[in-house]
Amino acid sequence: MPLDPETRAQLIDTVHRFVQEQCVPIEAKVAEDDLVPDSVIAGMRELGLFGLSIPEEYGGLGLSMEEEVLVCFELGQTSPAFRSVIGTNVGIGSQGVVMFGTDEQKREWLPKLASGEVVASFALTEPNAGSDAASVRTTAIRDGDHYVVNGTKRFITNAKRAGMFTLMARSDPAKKGAGGISAFIVPANTPGITIGKAEKKMGQQGAHIHDVIFENARVPAKLCLGPEGEGFKVAMQVLDRGRLHISAVCVGVAERLIREAVNYAREREQFGQKIAEFQLIQGMLADCKTEAYAARCMVLDAARKRDAGEKVTMEAACSKYFASEMVGRVADKAVQIFGGAGYVADYGIERFYRDVRIFRLYEGTSQIQQIVIARNLLRGAD
Ligand code: CAA
């Protein structure tokens, strides 16, 4: 059930105030410490942010995709590291369970994910299976009423804090490609799981990615997510949804950067006048606004289509492709408008410039989105 307009406006306003009051003032410190403080995470829990997309019957807010996108526009108004804290519970870590879980699996896991008591992580990528996700080598071999998991997952967001993994592993090694892959819920305390060190990254300090190593980890067969052998499709449908979420965050970040650039251009004087008076600056601002607005409209349209029950694989790929490239261009122009100050850490613009680079890579690179769009077109989608 969509929220009534008043409740929706209240929710957006609450998230807006949380972001502006609790997150924006500490952005630089979070980046410096490479840590989002527990007090902020507690605040996110209190607001129900971990459960945005989890149905109300399991303790979440049960937002529609459109409502989640509107919330992400707000979450994007600060360093993306904050969003990453809740990102896997709202998106790729939990949605396999929401969409494909049995009643028992949902009852067991969703309330804990919705409250933030348990953090979910999405374990698909491997050292040799990035864009080519169907080539995963991690195996899950049936042994009585368990599967025995062996392999290494790479760049797994929130792995260190995770209480459960949505894992994609090859349950039928005789089958190459997508057909032999199954999805599983794996409790993080399963013996045989080791978490690697946090990777040093270009940006988004405060958000962490790790290897996850499985050595003879025994997973109960009842934790298979969806039918055996259908795990690749689980992953792809989870990613279709995740790509809309990321697109909305890109829009939020772009809007923040445009605001920063406008404010700076109004203040900064050169050649005896505010730089906002110069048409070359105005041209950059206008390009940024046009693109951000186009991305906002695109992701909202795709979200509404998804809420109406349409398959939005192509629209989600269009949104992710356009919005992630758009925010890269906007961040670049923001640095340009700030000039030397844009390159200096104190102003924070260079931090966003680094932070947004990942949006063109994770949850499918721009090139993968192009492939998805083209394949769908050639198959006859509108
Ligand atoms: N919905 C439902 N089913 C789908 C689907 C979708 N969106 N996409 C594919 N499938 C189905 C296909 O219909 C096909 O089914 P059949 O065999 O029954 O016909 C099966 O899945 C295999 O599909 P393809 O033949 O298209 O598979 P492919 O090997 O050619 O790969 C791909 C397709 C689009 C390139 C895919 O591999 C892909 O999206 N790669 C990118 C992976 C990715 O996004 N990784 C991000 C990891 S998560 C992350 O980044 C977050 C983090 O924490 C860091």
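Indexing begins at 1, ligand by ligand and atom by atom, following the structure's order. No experiment lies behind these values; they were computed from the predicted model shown. Each residue takes its place number in the sequence, starting with 1.
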Short question: side chain of [X], backbone of [Y] - any donor-acceptor pair under 3.5 Å?
X      : Y      : answer
Asn150 : Asn216 : yes
Arg354 : Met202 : yes
Asp172 : Gly229 : no

Note to self: What I want to know is whether Lys233 and ligand 1 share at least one N or O pair that is separated by under 3.5 angstrom.
What the structure shows: yes
Check: Between Glu363 and ligand 1, does any nitrogen or oxygen pair lie at a separation below 3.5 Å?
Finding: yes
Next item on the list: Grab the two heavy atoms, one from Ile275 and one from Ile337, that are nearest each other, plus how far apart they are.
Entry: CD1-O, 3.7 Å
Check: Should the proximity of Arg154 to ligand 1, defined as any heavy atom under 4.0 Å, be assigned to the side chain, the backbone, both, or neither?
Finding: neither
Next item on the list: For ligand 1, note which part of Thr125 has a heavy atom under 4.0 Å away: side chain, backbone, both or neither.
Entry: side chain
So is [X] close enough to ligand 1, meaning a heavy atom under 4.0 angstrom away?
X      : result
Ile209 : no
Ile92  : yes
Ile371 : no

Margin query: Is the shortest side-chain heavy-atom distance between Ile193 and Ile213 below 4.5 Å?
Written below: no
Margin query: Measuring only between side-chain heavy atoms, which start at C-beta, is Ser53 closer than 4.5 Å to Ser94?
Written below: yes
Interfacing atoms of ligand 1 (cut-off 4.0 Å, heavy-atom, [X]):
X      : result
Ala134 : 29 (O)
Val372 : 34 (C)
Ala178 : 22 (C)
Ile368 : 35 (C), 38 (C), 39 (O), 40 (N), 41 (C)

Next item on the list: Decide whether a cation-pi geometry holds between Arg45 and Phe50; the criteria are a distance under 6.0 Å from NZ or CZ to the six-membered ring centre and an angle within 45° of the ring axis.
Entry: yes
